[in-house]
There are 2 protein chains.
Amino acid sequence: MGTHYSGTPTEELALATYVKLSRAADAVTHRINAHLHHHDLTVSQFGALEALYHLGPMQTGELAEKILKSSGNLTLVVDNLVKRRLVYRQRRKDDRRCVDIHLTEDGTALIEQIWPSHLAGVVEAITVLSADEQRLLGDLCRKLGKKAG
Amino acid sequence: MGTHYSGTPTEELALATYVKLSRAADAVTHRINAHLHHHDLTVSQFGALEALYHLGPMQTGELAEKILKSSGNLTLVVDNLVKRRLVYRQRRKDDRRCVDIHLTEDGTALIEQIWPSHLAGVVEAITVLSADEQRLLGDLCRKLGKKAG
DNA sequence: GCAAAATACTTTGATATTAAAATATTTAAC
DNA sequence: GTTAAATATTTTAATATCAAAGTATTTTGC
C-alpha cells in the first residue's frame with residue numbers, strides 16, 4: 001500500500017529517469033499544443049500541416065514517419081484534413097502507387113496564421129532551460145533515441 | 001521544398017530541443033513497451049496494472065493521474081481489464097461516489113509474471129546513459145516539467 | 001513478357017483518447 | 001433539513017492509433 005517499487009540502485013535510477021523523461025515530454029507537449037483546439041486541430045493534424053508547410057508536399061508514408069505515426073493512421077488524419085479542404089491528395093503520374101499530400105491555399109493560410117504563436121509556445125516552454133542546458137538535453141536525448149532504433 | 005524552418009538562433013535551438021525530447025521519449029517508450037503485445041496488453045492497461053500492483057488499490061481519478069490519462073479514458077481501460085478479470089471495482093462504503101480499483105488474483109499473477117522482464121527492458125533502454133548522465137537528464141526533465149504545470 | 005516479390009496506400013477492427021455532458025453522491029450554506 | 005455547489009465517475013461523440021488484411025501498382029527474376 002503506497003510502497004513504490006524497490007530494487008537495485010541501478011534499477012531504481014533507470015525507472016526514475018524513465019518516468020521523469022516521460023512526464024517531461026508529456027507536460028511539454030500538452031503545454032505547447034494546448035492552443036490547437038482553438039482551431040479545431042488535433043496534434044497529429046497540426047503536425048501534418050506543419051510538415052507539409054516546412055518540407056513541401058510528400059507521400060503518405062513520409063508524412064507518417066515525420067510525425068511518428070503509422071501510415072494507416074495517417075490515412076485517417078489526412079482524410080479529416082481533406083474534408084476541411086486544408087490539404088489535397090494527388091497521385092503521381094510516374095508511380096501511381098504514390099500519393100502526394102499537398103497543402104491547399106486554405107491550409108497554407110491556416111498554418112501561416114498559427115505558426116508564429118506555436119513557435120512562441122515552444123520557445124516559452126523550452127527556454128525554461130538555458131541554451132547550454134538545451135544542448136545538453138538534446139545530446140542526452142539523441143543518445144537515448146539511437147540505440148537499437 | 002525540403003527547407004526546414006529557419007528563425008532566430010533561440011527559436012531554432014528550442015525547436016530542435018523539443019523535437020529531440022519528443023523523439024527520445026517516443027523511441028524509449030516504444031522500445032520498452034514492445035513486449036506487451038505478447039500479453040495482449042496496451043500501454044495504458046499495463047500502466048494501470050503496474051500502478052495498482054506497486055501502490056495498492058486506488059480510485060479511478062488517482063489511477064488516471066498516475067498514468068497521465070483522463071478519467072473518462074480510465075473508465076474504458078478499466079472496463080477492458082475487468083472483462084479479462086484482471087481487476088475489479090469496489091464502491092466505497094463511506095463515500096459512494098468513489099470506486100476503488102483492485103487487482104484480482106489473476107491480475108496480480110500477470111503483473112508479477114511480466115514485471116521482471118519489463119524492468120529489465122527499462123534498464124536496458126535507459127542505461128545507454130551512465131548513472132551521472134541519467135541524473136543530469138532527470139534534473140533537466142524535472143525542470144522542464146515544472147513550469148506552469 | 002509474365003508470374004512473384006516488393007512497394008505504397010487504404011480499409012478494418014479493436015482499443016485509446018479527449019472534451020463535454022450526464023449521473024450520482026456528498027458537503028456546504030442558509 | 002433542504003437547496004446549491006462540489007466531487008467522482010460514467011457516458012457520449014469524434015478522432016486517433018496500431019496491427020493486420022486487402023488492393024493497386026511497379027519492379028524483379030526468369
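A straight line from CZ of B/Arg92 to P of D/dT7 spans 15 Å, rounded to a whole angstrom. In this structure, CD of A/Gln59 is placed 13 Å from C1' of D/dT26, rounded to the nearest angstrom. The NZ-C1' distance, from A/Lys93 to D/dA24, rounds to 19 Å in whole Å. For the pair B/Arg91 CZ and D/dT7 C1', the interatomic distance rounds to 13 Å; values are reported in whole Å.
A/Glu65 CD: 12 or fewer foreign heavy atoms inside a 6.0 Å radius. Residue-environment remark: CZ (A/Arg92) exceeds the threshold of 12 foreign heavy atoms within 6.0 Å. Within 6.0 Å of the CD atom in B/Glu50, the count of heavy atoms belonging to other residues, nucleotides or ligands exceeds 12.
Cluster annotation: B/Val43 and B/Leu76 are assigned to distinct hydrophobic clusters (Ile/Leu/Val/Met/Phe/Trp/Tyr, side-chain heavy-atom contacts under 4.5 Å, transitive).
The phosphate of D/dT25 (OP1 or OP2) has a side-chain N or O of A/Arg96 nearer than 4.0 angstrom. Between D/dT9 and B/Arg89, no contact under 4.0 Å exists linking OP1 or OP2 to a side-chain N or O.
The shortest side-chain heavy-atom distance between B/Arg89 and B/Thr75 falls under the 4.5 Å cut-off. Counting heavy atoms from C-beta outward, A/Val78 and A/Val99 have side chains that stay 4.5 Å or more apart.
The pair A/Arg142-A/Asp139 counts as a salt bridge, with a side-chain nitrogen and a carboxylate oxygen less than 4.0 angstrom apart. With salt bridges taken as basic N to acidic carboxylate O contacts below 4.0 Å, one links A/Arg135 and A/Asp132.
Nearest to the side chain of A/Asp95, among C/dT26, D/dT9, D/dT25, sits D/dT25.
The stretch residues 63-86 of chain A comes close to DNA chain C through A/Ser71, A/Gly72, A/Thr75, each having a heavy atom under 4.0 Å from the strand. Contacts between residues 32-49 of chain A and DNA chain C, defined by a heavy-atom separation below 4.0 Å, involve no residue at all.
Remark: A/His35 pairs with A/His118 by the ring-ring contact (aromatic ring centres under 6.0 Å, His included) rule, at least two apart or across chains.
Nearest-nucleotide assignment on DNA chain C puts the 5′-proximal partner with A/Met58, out of B/Asp94 and A/Met58.
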